[in-house]
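Down below is the structure, laid out as structure tokens.
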Amino acid sequence: QVQLVESGGGLAQAGDSLRLSCAVSGRTDNIYAVGWFRQPPGEEREFVASTGWSGNWNNFGDDVKGRFTISRHNGKNMVLLQMNGLKPEDTALYYCAAAIRPGIAVSPGEYNYWGQGTQVTVSS
């Protein structure tokens with residue numbers, strides 16, 4: 001089992017930055033990738049970013065490329081999502097998730113464990 005806990009969400013204005021953290025615990029030796037997804041109100045969950053647990057690759061959704069970065073914090077069991085240049089359309093519930101099988105790691109179905117989510121609200 002893998003447990004994930006998100007933190008760092010909150011209120012922001014357009015153009016601001018926020019950093020989300022995902023604390024990962026449990027059987028971390030089984031993890032292939034950790035990803036961030038978001039779900040705007042009334043919409044489906046969408047891919048934001050993912051990183052290999054070894055830290056040697058990253059993927060980003062088209063809507064966040066150039067604005068968001070993802071990293072594993074100093075080799076610890078924590079994955080950070082740095083969000084710069086926030087837009088109102090970034091408003092969503094943000095989830096981190098862990099995948100234990102190799103893949104492209106951009107689809108929710110590839111992920112086995114999920115956190116509870118942290119809300120990000122961006123005003124114009």
Side-chain angles (χ1 to χ4, degrees):
Q1 288 280 11
V2 175
Q3 295 80 40
L4 305 106
V5 179
E6 304 93 338
S7 61
L11 301 175
Q13 292 189 330
D16 283 353
S17 298
L18 282 177
R19 189 175 73 174
L20 304 184
S21 299
C22 176
V24 186
S25 60
R27 293 293 304 273
T28 60
D29 53 317
N30 290 339
I31 296 174
Y32 168 73
V34 171
W36 285 94
F37 291 80
R38 66 188 183 186
Q39 188 163 14
E43 299 185 29
E44 294 186 352
R45 199 166 296 189
E46 62 185 30
F47 172 69
V48 176
S50 59
T51 185
W53 190 236
S54 61
N56 60 346
W57 59 263
N58 295 325
N59 280 330
F60 294 93
D62 289 342
D63 290 345
V64 306
K65 282 180 182 176
R67 298 189 297 125
F68 291 11
T69 60
I70 187 171
S71 61
R72 187 172 170 187
H73 183 55
N74 291 333
K76 296 180 181 178
N77 291 342
M78 182 169 289
V79 175
L80 308 176
L81 182 70
Q82 179 67 40
M83 305 186 296
N84 299 325
L86 284 165
K87 304 175 182 180
E89 50 264 44
D90 293 319
T91 295
L93 186 60
Y94 283 71
Y95 297 90
C96 67
I100 61 173
R101 288 181 290 274
I104 60 173
V106 300
S107 170
E110 297 180 82
Y111 288 79
N112 308 94
Y113 302 98
W114 292 81
Q116 294 300 305
T118 185
Q119 179 68 37
V120 172
T121 303
V122 184
S123 61
S124 57

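Since this is a predicted model, take the numbers as computed values, not measurements.
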Side-chain heavy-atom pair [X], [Y] within 4.5 angstrom cut-off:
X	Y	result
N30	V2	no
F47	S107	no
V79	H73	no
Q116	V5	no

Exercise for the section: Please check if atom CD in E43 has more than 12 non-hydrogen atoms from other residues, nucleotides or ligands closer than 6.0 Å. Expected result: yes
Show every donor-acceptor pair shorter than 3.5 Å between a side-chain atom in residues 92-101 and any protein atom, with sequence neighbours excluded, or say none if there are none.
residue : atom : partner : partner atom : Å
Y94     : OH   : R38     : NH1          : 3.0
Y94     : OH   : D90     : O            : 2.6

Problem - T51: side chain to side chain donor-acceptor pair (under 3.5 Å) partners, not counting sequence neighbours - result: N58
Handout entry: Aromatic ring proximity, centroids under 6.0 angstrom, F37 and W114
Key = yes
If we ignore hydrogens and angles and just use 3.5 Å, is the side chain of [X] paired with the main-chain N or O of [Y] as donor and acceptor?
X	Y	result
N77	A23	no
E6	G117	yes
R72	W53	yes
T28	S25	no
T91	V122	yes
R67	G85	yes
E110	I104	yes
S50	A105	yes

Compare every heavy atom of [Y] with every heavy atom of [X], then report the nearest pair and how far apart it is.
X	Y	answer
T69	F60	CA-CE2, 3.7 Å
P108	R45	CG-O, 4.4 Å
A49	L81	CB-CD1, 4.1 Å

Problem - Geometric class of the Y32/W57 ring pair [parallel <30°, tilted 30-60°, perpendicular >60°] - result: tilted
Within this structure, what is the [atom1]-[atom2] distance for the pair [X] and [Y], rounded to the nearest 0.5 Å?
X	Y	atom1	atom2	answer
S7	R19	OG	CZ	9.0 Å
I70	L80	CD1	CG	9.0 Å
K87	S124	NZ	OG	13.5 Å
Q82	S17	CD	OG	5.5 Å

Practice task
Report whether V64 and M83 are members of the same hydrophobic cluster (ILVMFWY, side-chain heavy atoms less than 4.5 Å apart, transitive linking).
Solution key: yes
Practice task
Using the side-chain contact (heavy atoms from CB on, under 4.5 Å) rule, pick out the option among N84, L18, L86 that qualifies with F68.
Solution key: L86
